[in-house]
Amino acid sequence: MDQNELAARASVSRGVIIDFEKGRRTPGRNNLAAIRQALEAAGVQFFGGGLERDEGVSLSR
């Protein structure tokens with residue numbers, strides 16, 4: 001998925017995606033949740049969190 005498609009699926013601007021990828025800023029809570037939902041709908045699974053050692057993402061097939 002490219003930046004345009006992710007932005008469209010998450011209903012955020014492409015600039016939000018670009019800035020997040022480049023580490024320029026962290027999106028606000030609503031935008032971050034929308035990006036996560038768009039990625040999960042595309043099959044990305046997030047696991048772990050906090051201080052766990054086995055946190056990360058995977059792509060379900």
Side-chain angles (χ1 to χ4, degrees):
M1 171 180 335
D2 65 17
Q3 293 169 335
N4 289 322
E5 186 174 354
L6 178 56
R9 287 183 183 205
S11 297
V12 300
S13 73
R14 183 170 172 254
V16 167
I17 303 300
I18 291 169
D19 286 350
F20 185 38
E21 287 182 353
K22 291 188 177 221
R24 291 182 187 153
R25 67 177 178 162
T26 300
R29 184 180 304 183
N30 291 339
N31 284 351
L32 200 54
I35 292 167
R36 181 177 178 140
Q37 282 183 312
L39 291 170
E40 287 175 339
V44 174
Q45 296 177 322
F46 294 85
F47 57 92
L51 299 176
E52 296 177 32
R53 298 181 76 172
D54 61 343
E55 57 190 16
V57 297
S58 67
L59 182 60
S60 64
R61 297 189 188 258

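Excluded from the calculations below are hydrogen atoms, water molecules and symmetry mates; all remaining heavy atoms, backbone and side chain alike, are included. Note that the structure is a prediction, hence the values are computed from the model and not measured.
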Chemist: Heavy atoms only: give me the nearest Ala34-Ala10 pair and the separation to one decimal.
Modeler: CB-O, 3.3 Å

Chemist: Who are the side chain to side chain donor-acceptor pair (under 3.5 Å) partners of Arg24, not counting sequence neighbours?
Modeler: Asp19

Chemist: Quick one: closest heavy-atom pair of Thr26 and Phe20, and the distance?
Modeler: CA-CD1, 4.4 Å

Chemist: With Ala42, which residues qualify under side chain to side chain contact (heavy atoms under 4.5 Å, CB included), at least two apart?
Modeler: Met1, Arg9

Chemist: Just to verify, what does Gln3 make a side chain to side chain donor-acceptor pair (under 3.5 Å) with, not counting sequence neighbours?
Modeler: Arg14, Glu21

Chemist: Run the side-chain contact (heavy atoms from CB on, under 4.5 Å) check on Asp2 and Glu5 step by step: do they pass?
Modeler: CA-CA 5 Å; Asp2 65 17; Glu5 186 174 354; 3.3 Å; yes

Chemist: Count the heavy atoms belonging to other residues, nucleotides or ligands that lie under 6.0 Å from CG of Asn30, then report whether that count exceeds 12.
Modeler: no

Chemist: Taking atom OG of Ser13 and atom CD1 of Ile18, what is their separation to the nearest 0.5 Å?
Modeler: 8.0 Å

Chemist: From Gln37 CD over to Leu32 CG, what is the distance, rounded to the nearest 0.5 angstrom?
Modeler: 10.5 Å

Chemist: To the nearest 0.5 angstrom, please state how far the CD1 atom of Ile35 sits from the CD1 atom of Ile17.
Modeler: 3.5 Å

